[in-house]
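Reading through the structure tokens given below for one structure.
Counting starts at 1 for both ligands and their atoms, following the listed order. Since the structure is predicted, the reported quantities are computational estimates derived from the model, not experimental observations.
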Amino acid sequence: MVKVNCLNPISKVGTSKFTDNYEFTDNFEEANAVLVRSAAMHDMELSDNLLAVARAGAGVNNIPLDKCAEKGVVVFNTPGANANGVKELVLCGMLLASRDIIGGNKWVENNKEDENINKTMEKAKKNFAGNEIMGKKLGVIGLGAIGSLIANAATELGMEVYGYDPFISVDGAWRLSSEVKHVNTREEIYKECDFITVHTPLLDDTREMINKDTIAMMKDGVVILNFARDLLVCDDDMIAALESGKVKRYVTDFPNAKIAKAKNVIATPHLGASTEESEDNCAVMAVKELKDFIENGNIINSVNYPKCDLGVCDKVTRITICHKNIPNMIGQLSSAVAAEGMNISDMVDKSRGDYAYTIMDLDSKATAELVEKIEAIEGVIKVRIVK
Ligand SMILES: NC(=O)c1ccc[n+]([C@@H]2O[C@H](COP(=O)([O-])OP(=O)(O)OC[C@H]3O[C@@H](n4cnc5c(N)ncnc54)[C@H](O)[C@@H]3O)[C@@H](O)[C@H]2O)c1
Ligand SMILES: O=C(O)CC[C@@H](O)C(=O)O
């Protein structure tokens with residue numbers, strides 16, 4: 001029985017896809033597979049039972065990827081599965097920042113007992129007037145699943161869209177509308193755009209990319225949207241820019257105690273992916289990835305091990321090996337199999353950074369001796385008999 005622990009509530013549309021070979025446990029220590037959304041895993045002890053973690057979502061900064069790789073724990077995410085949910089909220093954020101919809105709505109709430117509200121509102125409404133987004137320049141930093149959807153949708157709304165992503169994937173580039181102007185530096189976006197939205201992962205390179213120096217390059221009255229991660233923006237510098245009016249509005253899905261109190265902030269409580277559709281999509285994809293890994297040893301959409309897929313095993317045995325990406329590993333693995341008098345009928349080995357992964361199909365049943373021999377090879381992290 002494969003034990004699954006959910007560290008956050010996960011949509012039943014996904015979890016119902018587990019078959020009778022799986023059972024849920026509340027005990028993280030005994031789990032073989034973990035499903036997680038935003039729960040912080042950095043301080044959690046990883047037990048030897050743990051084979052895989054699936055993040056039902058995109059961002060993985062809550063998961064210790066290297067610590068997991070070092071223990072042979074494969075971490076997955078669900079690229080694109082919640083992108084439409086975030087796209088819609090970002091478009092909403094741009095509209096909320098352009099017109100005082102929130103102020104107008106509060107006014108109606110405060111005046112709801114006024115019998116003549118239909119008349120008094122005609123005088124009050126001038127306080128909530130704003131601008132249209134058509135014709136304005138939008139800069140999108142990060143043209144992945146979310147950024148590309150926003151860039152394309154904004155062109156449809158009549159915005160002039162600038163996109164920046166030095167690592168854009170081939171698929172990402174194909175997805176992008178030809179209307180989007182591709183720029184080669186963030187500075188072009190900072191200098192040119194009326195709205196700037198960030199959609200990169202939180203990495204050393206992107207941490208606090210919005211700060212006093214980059215804000216200084218921007219137009220007066222710029223609107224900044226952050227539906228990616230709190231630490232992409234320097235809070236103190238943003239608060240100063242909001243106070244001075246340099247930044248007209250900061251729309252964020254990641255308020256903290258400082259930002260929630262700041263002037264001209266429009267904040268939502270990390271709601272980007274909180275739609276039924278996104279939650280279902282992420283859960284279905286995460287469960288599919290976990291099942292394929294547990295049942296076939298295949299790795300699709302991992303963020304700490306390479307993509308490695310040998311389909312469904314139709315041979316006698318399949319074993320998988322998580323190992324360090326060092327010389328002569330394939331030679332040593334095949335020698336260990338040959339020394340047991342066994343034949344490899346199919347094999348794939350892929351690497352990613354410091355780690356690598358091998359799937360081997362054998363014509364005869366894997367033995368405890370073979371597993372021991374492979375485990376003894378220096379650089380081998382985890383060996384698993386899948387079938
Ligand atoms: N608010 C929410 O609920 C919510 C939901 C989903 C994702 N997110 C956040 O949004 C981020 C993006 O999500 P996604 O699904 O689009 O991910 P993605 O991996 O599809 O896209 C990220 C893009 O950022 C680009 N990138 C990386 N470093 C960059 C840099 N220095 N400058 C410019 N571009 C860079 C990558 O090339 C990639 O194209 C996630 O990492 C996550 O933190 C938030
Ligand atoms: O699970 C969530 O609610 C948030 C997901 C989001 O932050 C992500 O990175 O995918």
- Short side-chain to backbone donor-acceptor contact, Asp361 and Arg318, under 3.5 Å: no
I'd like a table of the close N/O pairs between ligand 1 and the protein (anything under 3.5 Å), one pair per line with both atom names and the distance.
from     : atom 1 : to     : atom 2 : distance (Å)
ligand 1 : 1 (N)  : Phe227 : O      : 3.0
ligand 1 : 1 (N)  : Asp253 : OD2    : 2.9
ligand 1 : 3 (O)  : His270 : NE2    : 3.4
ligand 1 : 3 (O)  : Ala273 : N      : 3.3
ligand 1 : 16 (O) : Ala145 : N      : 3.4
ligand 1 : 16 (O) : Ile146 : N      : 3.0
ligand 1 : 20 (O) : Ala145 : N      : 2.8
ligand 1 : 31 (N) : Arg186 : NH2    : 3.4
ligand 1 : 31 (N) : Asp205 : OD2    : 2.7
ligand 1 : 37 (O) : Asp165 : OD1    : 2.8
ligand 1 : 37 (O) : Asp165 : OD2    : 3.2
ligand 1 : 37 (O) : Phe167 : O      : 3.4
ligand 1 : 39 (O) : Gly144 : N      : 3.4
ligand 1 : 39 (O) : Asp165 : OD2    : 2.6
ligand 1 : 43 (O) : Ala228 : O      : 3.3
ligand 1 : 43 (O) : Arg229 : NH1    : 3.4

- Query: Yes or no on side-chain hydrogen bond (donor to acceptor under 3.5 Å, both in side chains) for Asn62 and Ser38, after CA distance, side-chain angles and deciding distance?
  - Reply: CA-CA 6 Å; Asn62 55 321; Ser38 299; 5.5 Å; no
- Evaluate salt bridge (charged side-chain N to carboxylate O under 4.0 Å, His left out) for Asp220 paired with Lys248, printing each intermediate quantity in order. CA-CA 8 Å; Asp220 290 346; Lys248 181 178 150 201; over 6 Å; no
- Query: How does Asn8 reach ligand 2, if at all, at less than 4.0 Å between non-hydrogen atoms: by side chain, backbone, both, or neither?
  - Reply: neither
- Message: Surrounding CE of Met1 (heavy atoms of other residues, nucleotides or ligands, distance under 6.0 Å), is the total greater than 12?
- Response: yes
- Option with minimal heavy-atom separation from atom 9 (O) of ligand 2, where the choices are Gly272, Gly59, Ala81: Gly59
- Please determine if Ser274 has a nitrogen or oxygen closer than 3.5 Å to a nitrogen or oxygen of ligand 2. no
- Evaluate the criterion side-chain contact (heavy atoms from CB on, under 4.5 Å) for residue pair Phe28 and Leu46; output intermediate values, then yes/no. CA-CA 9 Å; Phe28 176 75; Leu46 305 177; 4.1 Å; yes
- Note on the structure: When distances are taken from atom 3 (O) of ligand 2, the protein heavy atom at minimum range is Arg37 NH2, 2.6 Å
- Message: With a sphere of 6.0 Å drawn around NZ of Lys263, does it hold more than 12 non-hydrogen atoms of other residues, nucleotides or ligands?
- Response: yes
- Query: Hey, does Arg55 sit under 4.0 Å from ligand 2 if you only count heavy atoms?
  - Reply: yes
- Note on the structure: In ligand 2, the atoms that come under 4.0 Å of a heavy atom of Gly57 are 10 (O)
- Task: Report the relative orientation of the aromatic rings in Phe18 and Phe24; use parallel for angles under 30°, tilted for 30 to 60°, perpendicular for over 60°.
- Result: perpendicular
- Query: Do other residues, nucleotides or ligands put more than 12 heavy atoms under 6.0 Å from Glu29 CD?
  - Reply: no
- Task: May I ask you to identify the nearest protein heavy atom to atom 4 (C) of ligand 2, giving residue, atom name and distance to one decimal place in Å?
- Result: His270 NE2, 3.2 Å
- Give me the one residue out of Val247, Asn226, Thr252 that meets side-chain contact (heavy atoms from CB on, under 4.5 Å) with Met238. Val247
- Message: Below 4.0 Å, non-hydrogen atoms only: which portion of Arg229 touches ligand 2? Side chain, backbone, both or neither.
- Response: side chain
- Message: Quick check: His270 with Phe254 (ring centres under 6.0 Å apart)?
- Response: yes
- Min N/O separation Ala58 to ligand 2 under 3.5 Å: yes
